[in-house]
Amino acid sequence: MKTLKLAVILLLTSFFTFANVSSTDKDALIAIYNATNGADWNSTWDLNASVDTWYGISIENDKVVEINLQFNNLTGNLPEEIGSLVHLRKINLGFNKLTGALPTSLKNLQELVALELFMNGFEGNIPAELGELKNLESLKLYSNKFSGEIPRELMNLTNLKEMLLGSNFITGEIPVEIGALTKLEKLSLMDNKMNGEIPIEIAQLKNLEELLLSTNQFTGDLPVDFMNLKKLTTIMVSDNNLNQDYISISVTNPPAIGLLELQNATAVMDIEKE
C-alpha cells in the first residue's frame, strides 16, 4: 500500500511539474528550440525539465509571456509555431544569427508589446501582418537584411513608441500615414536605400525625441515644421540627396532649422542650448 501511495505521489508530482504551461505553448517552444539549433545555444534548455526552468522564458498564470534569448547563439529560422504563443508580451532575440523570413503567424500575438529582433540576418519583406499587433509599443528590426518597402499597415500601430528599422535594405518612401503614430518617441530609418521627400506629416509626432534618417537617398528639403517638435533632441539626416547638406545635431532643445544647415558637412555635432 505504501508503495502504491508513493507511486501516486510521484505521478502527481510529475504531472503538476509539467502542467505549468499548456501543451500548445510547450510544443511551440520546442519548435523554436529545434528550428534554431537549441543544442548549440549558449544557454540551452533541458527539454525533460519543467518549462519554468528554461532559460529566457517567463511564465505568469501558467502562460508563456516573455521570450528573452538575446546573445544566445540562435541560428536557423524562426518557425511558424511561434504564433501559437498567443499570450506573449515580449520577444527579444537580439544579437543572434537568425536568418530567413519572419513568420506571418506573428500576427496572432495580439498581446505583444515588444518585438525586438535586431542584430540578426532576417531577410525578405517586413510582413504587413505586423500591422495587426495593435498593442505593440516597441518594434526593433534594425541591423538585419530586410528589403522592400515599409508596409503601410505598420502605420496602424498607434501605440508604437519606438520604430527602429535602420541598417537594412529597405527601399521606397516614408509613408505619409506615419502622422498617425502620435505616441512615437524614436524613429530610425538610417542606413537603408529609401528615397523621396521627408514627409511633413512627421511634424505631427509631438512626442518624437529621436529622428534618424541619415544615409539614404531622400530628396527635397527638411520640413521647417520640424521646429514645432518640442521634444525632439536628435536629428540625423546627413548623407542623403537633400537640397542642402545637413549636419546631424543633438540638442537639448530643438534649434531653428537654419542651425541644421551646413554645406558639405558630414560630422556629427552636439549643440546645447542654455
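Computed from a predicted structure; not experimentally measured.
- The shortest side-chain heavy-atom distance between Y55 and T44 does not fall under the 4.5 Å cut-off.
- In summary, the side chains of T215 and N240 do not present any donor paired with an acceptor at a separation below 3.5 Å, with no hydrogens or angles considered.
- Between K97 and N120, the side chains place no donor N or O within less than 3.5 Å of an acceptor N or O (distance only, hydrogens not considered).
- Tested against N207, the residues K230, K186, K231 include a single side chain to side chain donor-acceptor pair (under 3.5 Å) partner, K231.
- No donor-acceptor contact under 3.5 angstrom links the side chains of T233 and E209, judged on distance only.
- Proximity of I126 to N168: side-chain heavy atoms (C-beta onward) are nowhere separated by under 4.5 Å.
- Side-chain contact of N37 with D40: a donor-acceptor pair under 3.5 Å is present, judged by distance alone.
- Within the 4.5 Å cutoff, side-chain heavy atoms of L88 are placed close to those of V64.
- Residues F226 and I235 fail the side-chain proximity criterion, which asks for heavy atoms closer than 4.5 Å.
- The side-chain contact (heavy atoms from CB on, under 4.5 Å) with V21 is formed by just one residue from the set D52, V51, L85, I57; it is V51.
- Between L164 and F118, every side-chain heavy-atom pair lies at or beyond the 4.5 Å cut-off.
- Between N243 and D221, the side chains place a donor N or O and an acceptor N or O closer than 3.5 Å (distance only, hydrogens not considered).
- For the residue pair N195 / Q217, no side-chain donor-acceptor distance below 3.5 Å is found, with atom types taken as modelled.
- The two residues L133 and L112 come nearest to each other via the heavy atoms CD1-CD2, 4.1 Å.
- Under the 3.5 Å distance criterion, with hydrogens and angles disregarded, a donor-acceptor pair is assigned to the side chains of T99 and N77.
- For the pair N241 (side chain) and F218 (backbone), a donor-acceptor distance under 3.5 Å is absent.
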